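A quick note: this is a predicted structure, and the numbers were derived from the prediction, not measured. By convention in this document, chain letters (A, B, ...) are assigned in the order of the sequence lines, proteins followed by strands, and residues within each chain are numbered from 1.
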2 protein chains.
Amino acid sequence: MVHSPSPQHRIPAKSPRFPAANASETVKQTLVEMEALCRARRARLTPIRRRVLEVLLCSQKPLGAYDLASALASHGRRMAPITVYRALDFLIEQGLAHRIASRNAYVAGTGNRGTTAFLVCESCGDATEIASPEVAATVLKVLTERGYQPHARILEITGRCAHCQDIH
Amino acid sequence: MVHSPSPQHRIPAKSPRFPAANASETVKQTLVEMEALCRARRARLTPIRRRVLEVLLCSQKPLGAYDLASALASHGRRMAPITVYRALDFLIEQGLAHRIASRNAYVAGTGNRGTTAFLVCESCGDATEIASPEVAATVLKVLTERGYQPHARILEITGRCAHCQDIH
DNA sequence: GGGCCGCATGAAATTCTGTCACAAAAATTT
DNA sequence: AAATTTTTGTGACAGAATTTCATGCGGCCC
C-alpha cells in the first residue's frame with residue numbers, strides 16, 4: 001500500500017490505531033533520536049510530551065487533539081485538553097510535530113524547523129510530509145517579492161493520493 | 001515574472017468592521033458581477049448567501065463563521081451557525097469565498113475555482129490573495145510527481161507582512 | 001533550612017467551530 | 001395542482017481551543 005517508491009520521510013506502516021505500549025521498533029528508534037535531539041537543544045522532552053509524540057509517531061494519519069486525549073487516557077479518564085495542547089505546543093516548537101490546519105489535526109514531524117510541506121489527501125485524510133526544496137524556494141521567493149518576512153512554516157497541499165484514486 | 005506592479009485581486013480598502021448596509025460602491029459592483037456569474041452558472045445566489053458574501057467582501061480581514069453569524073444578526077438573534085456554514089459551502093463551491101484553514105476564517109474570492117494562494121500574516125491575520133502561476137506550477141509538478149491527483153485548491157503561505165514588520 | 005523563582009502539570013469552566021437530525025418553507029418541475 | 005427538489009429553521013451536540021486559577025517540583029540564593 002506504499003504510495004510511491006520514493007524513500008522520503010515515512011512513518012512505520014503498522015496498523016494499530018492507538019498503540020498504547022506496543023510501539024514498533026522503528027518508532028522506538030525514531031523516538032530515541034528525537035530524545036537526543038531534544039537533549040542537544042536543552043529542550044525537555046518530559047514523559048507527557050514523550051507519550052504524545054509516541055502516539056503521533058505510531059499513527060499513520062493525523063490525529064485530533066481529542067483523539068490524543070483519548071489515546072492517553074488513564075483510569076478511564078482522558079487527558080485534559082489543555083495538557084494535550086501544551087504538549088503539542090512544545091512538540092511543534094521543536095519541529096517534532098505539525099498542525100494540519102485544514103483538518104484540525106496533528107502529525108509527527110522530523111525535527112526540522114524550516115519550511116515543511118504536506119500532501120494532504122482530501123479523501124483518506126492521510127498527510128505525507130515531503131521535502132521539496134523546489135517548493136520551498138518558490139514560496140520563499142514569492143514571500144519576499146511581496147514584502148513578507150520569510151517565516152513560512154508549513155504548507156498544506158490538498159489533493160487525492162494515488163491510493164484513493166484507484167478506489168473511487 | 002509577476003513582480004510588485006501586478007494588479008491582482010484586491011478588495012476595497014474601506015474600514016467598517018461589520019458594514020451591515022453601507023457597502024461601498026466597489027463592493028456593490030463586485031456583487032453585481034458575482035450575481036451575473038452565478039446566473040450564468042445557474043447557481044442560486046439566494047438572499048442569505050448574498051448577504052454572507054457581502055459581509056465578506058466588505059471585510060479586509062478573514063472573518064470567522066461566528067463573526068459572520070453576528071454580523072448578520074437580526075432582532076439580537078445571531079444567525080444559526082449551520083446557516084452560515086451552508087452559505088459558505090455554496091460560496092466556496094462557486095469560488096466566491098475561501099476558507100483560511102490556518103485561522104478558521106473565511107474571505108471573499110474572485111469566482112475563479114482553480115488553485116488559489118494566500119499570503120497570511122501571522123501577526124495581523126490579514127490574508128492577501130495572490131495570483132502566482134509560478135507557485136501553482138511548482139506545486140502541480142510536485143503533486144503529480146508523487147502520484148497525487150492535482151486537486152490542489154487553496155494554498156496558505158504564512159509569514160509576516162511588511163506592515164507588521166515595522167510595528168513589532 | 002527557608003523562601004523564591006521558573007517551569008511543568010492538574011482541573012474547571014468557558015468559548016469557539018462545526019455537524020447532525022429532523023421539520024418547515026420556498027422554489028422548480030411535472 | 002401535485003410532486004419533487006432545494007433551501008432554510010431549530011435544537012442539540014461533538015470537537016477544538018483558550019482562559020483562569022491552583023499545585024507540585026527542582027534549583028538557587030541568602
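- For A:His98 and A:Tyr106, the ring centers are positioned 6.0 Å apart or more.
- We find that CG of B:Asp67 is positioned 15 Å from C1' of C:dG18, with the value rounded to whole Å.
- Mapping A:Pro47 and B:Arg103 onto DNA chain C by nearest heavy atom places A:Pro47 at the nucleotide closer to the 5' end.
- Remark: the backbone N or O of A:Arg160 is paired with a side-chain donor or acceptor of A:Gln165 at under 3.5 angstrom.
- Side chains of A:Glu33 and A:Gln29: a donor-acceptor N/O pair is present below 3.5 angstrom, by distance only.
- Here the side chain of B:Arg44 is nearest to one of C:dC7, C:dA27, C:dT9, namely C:dA27.
- Atom OG1 of B:Thr128 and atom OH of A:Tyr148 lie 4.0 Å apart (nearest 0.5 Å).
- Side-chain contact between B:Glu156 and B:Ile100 is present, with heavy atoms from C-beta onward closer than 4.5 Å.
- The shortest distance between the side-chain N/O atoms of B:Asn104 and the OP1/OP2 oxygens of C:dG18 is below 4.0 Å.
- Taking a cutoff of 4.0 Å between a charged side-chain nitrogen and a carboxylate oxygen, B:Glu122 and A:Arg153 qualify as a salt bridge.
- Using a 4.0 Å heavy-atom criterion, one finds that B:Arg42 contacts no nucleic acid atom at all.
- Computed from coordinates, the A:Ile100 CD1 to D:dA17 C1' distance equals 18 Å when rounded to whole Å.
- Remark: B:Arg50 is not in phosphate contact with D:dT7, judged by side-chain N or O atoms under 4.0 Å from OP1 or OP2.
- Close to D:dA17, at under 4.0 Å from its OP1 or OP2, lies no side-chain N or O of B:Tyr66.
- When distances run from any side-chain atom of A:Ile48 to the nucleotides C:dG10, D:dT7, D:dA17, the shortest one goes to C:dG10.
- Of all the residues in residues 75-95 of chain A, A:Ile82, A:Tyr85 reach under 4.0 Å from DNA chain D with at least one non-hydrogen atom.
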